[in-house]
Amino acid sequence: MIVVERGRAVLEVAQGDITRLDVDAIVNAANRTLLGGGGVDGAIHRAAGPELLAECRMLGGCETGEAKITKGYRLPARHVIHTVGPVWQGGEADEDRLLASCYRKSLALAAAHGLSSIAFPAISTGVYGFPPERAAPLAVGTVVETLVEYPIGRIVFCCFSDESTRLHVTALKAHAGPT
Ligand code: AR6
C-alpha cells in the first residue's frame, strides 16, 4: 500500500486481518490479564488456537505499556508479542507515553529475540477508545524513532478500517524521504 525505507528497515501500511500475516511476530492489543478478549485479541486467540491461551496463563499478566512474547502456534506468524495499551481517559492520564511505550517495548522484545519482521495493529484505538487520529502519528513516529536502535528489517502497520489505513498512510508519508 505504501512502503517507506528508513536505513535498513522497510515500513509499510497494510489493510486487513493481522492474523493472516506471515511475519516473525504479530503484536496483540491485549488487556492486563493476557487471557484474551474481543477485537484483535479475540481474533488472534481464535486463529492461534488454545495452546496460546495455555502459554498466556503462565505469564502472570502484563502492565499497561509493557510487552510479553509467546509462540504463534497455528498462526502463520512465528510469535505473538502481547502488549497492553492505555485506556483513553481524556489525554491527561499519560496515555501518549503509555501508547508509545507499547510500540517501543514490542520492538525491543522482537529485537531481543532476533526477529526481523513485525506487524502492529492500531493499539488502543478500538475498545480502549484512544483517538485514532492521535494514535496513528504517535505509533508511526515512535516506531521510526525506535527503529534506529534495532536490526529489524520489516515493520507492518496492519490497519483494519479504511479510516485507520488512511491515517497511517498519512503518518508514514510524513517520514518518507532521506533517512
Ligand atoms: N486485524 C487487525 N486489526 C484488527 C483486527 C484484526 N483481526 N480486529 C480488530 N482490529 P481493539 P484496544 C483493530 O479493540 O483498543 C480487547 O478486548 C481495530 O479495528 O482490538 O487496544 C482486549 O482484550 C482497532 O483499530 O484493541 C482488551 O480488553 C485495533 O485493532 C481491549 O480489547 C485495536 O482495537 C483492548 O482494546
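All ligand and atom numbering here is 1-based and tracks the order in the structure. Residue numbers count from 1 along this sequence.
The single protein non-hydrogen atom nearest to atom 1 (N) of ligand 1 is Ile18 N, 3.0 Å, given as residue, atom name and distance. In terms of protein heavy-atom proximity, atom 29 (C) of ligand 1 is closest to Ala122 O, 3.3 Å. Taking atom 16 (C) of ligand 1 as the reference point, the nearest protein heavy-atom neighbour is Gly38 O, 3.4 Å. What sits closest to atom 7 (N) of ligand 1 on the protein, heavy atoms only, is Asp17 OD1, 2.9 Å. With respect to atom 21 (O) of ligand 1, the closest heavy atom belonging to the protein is Ser124 N, 2.8 Å. Regarding atom 31 (C) of ligand 1, its nearest protein heavy-atom neighbour is Tyr128 CE1, 3.5 Å. The nearest heavy-atom contact from the protein to atom 13 (C) of ligand 1 is Phe160 CB, 3.9 Å. Taking atom 24 (C) of ligand 1 as the reference point, the nearest protein heavy-atom neighbour is Thr125 OG1, 3.6 Å.
The hydrophobic clustering, which links ILVMFWY residues whose side-chain heavy atoms are closer than 4.5 Å, places Tyr103 and Leu98 apart. Grouping the Ile, Leu, Val, Met, Phe, Trp and Tyr side chains by contacts below 4.5 angstrom, directly or via other members, places Leu172 with Phe120. Under a hydrophobic clustering in which Ile, Leu, Val, Met, Phe, Trp and Tyr are joined whenever their side-chain heavy atoms come within less than 4.5 Å, directly or via other members, Val156 and Leu99 fall into different clusters.
Ionic pairing of Asp41 and Arg46 is not present here: no N-O contact between side-chain nitrogen and carboxylate oxygen is shorter than 4.0 angstrom.
By the 4.0 Å heavy-atom criterion, Thr19 is excluded from the residues contacting ligand 1. At least one heavy atom of Gly16 sits under 4.0 Å from some atom of ligand 1.
When the options Ile152, Ile69, Val23 are evaluated for a side chain to side chain contact (heavy atoms under 4.5 Å, CB included) with Leu115, the one that passes is Ile69.
Counting heavy atoms under 4.0 Å from ligand 1, residue Ala29 touches it through both backbone and side chain.
Near Gly37, with a cut-off below 4.0 Å to any heavy atom, the atoms of ligand 1 are 17 (O), 23 (O). Of all atoms in ligand 1, listed by their number and element, those nearer than 4.0 Å to a heavy atom of Asp41 are 22 (C), 23 (O). Close contacts of ligand 1 with Ala43, meaning ligand atoms under 4.0 Å from a residue heavy atom, involve 7 (N). Atom numbering of ligand 1 starts at 1 in the shown order; those under 4.0 Å from a heavy atom of Gly39 are 8 (N), 20 (O).
The two atoms that bring Pro121 and Val27 nearest to each other are CD-O, 3.1 Å, heavy atoms only. Between Gly141 and His175 the shortest heavy-atom distance is CA-NE2, 3.8 Å.
Geometrically, ligand 1 and Pro121 share no nitrogen or oxygen pair separated by less than 3.5 Å.
Between Thr70 and His82, some side-chain heavy-atom pair lies under the 4.5 Å cut-off.
In this structure, the side chain of His79 engages the main chain of Asp24 through a donor-acceptor pair within 3.5 Å.
Rounded to the nearest 0.5 angstrom, Ile18 CD1 and Ile26 CD1 are separated by 5.0 Å.
For CZ of Arg78, the number of neighbouring non-hydrogen atoms (other residues, nucleotides, ligands) closer than 6.0 Å is greater than 12.
The option from Leu21, Leu167, Ile26, Val40 that lies nearest to atom 30 (O) of ligand 1, judged by heavy atoms, is Val40.
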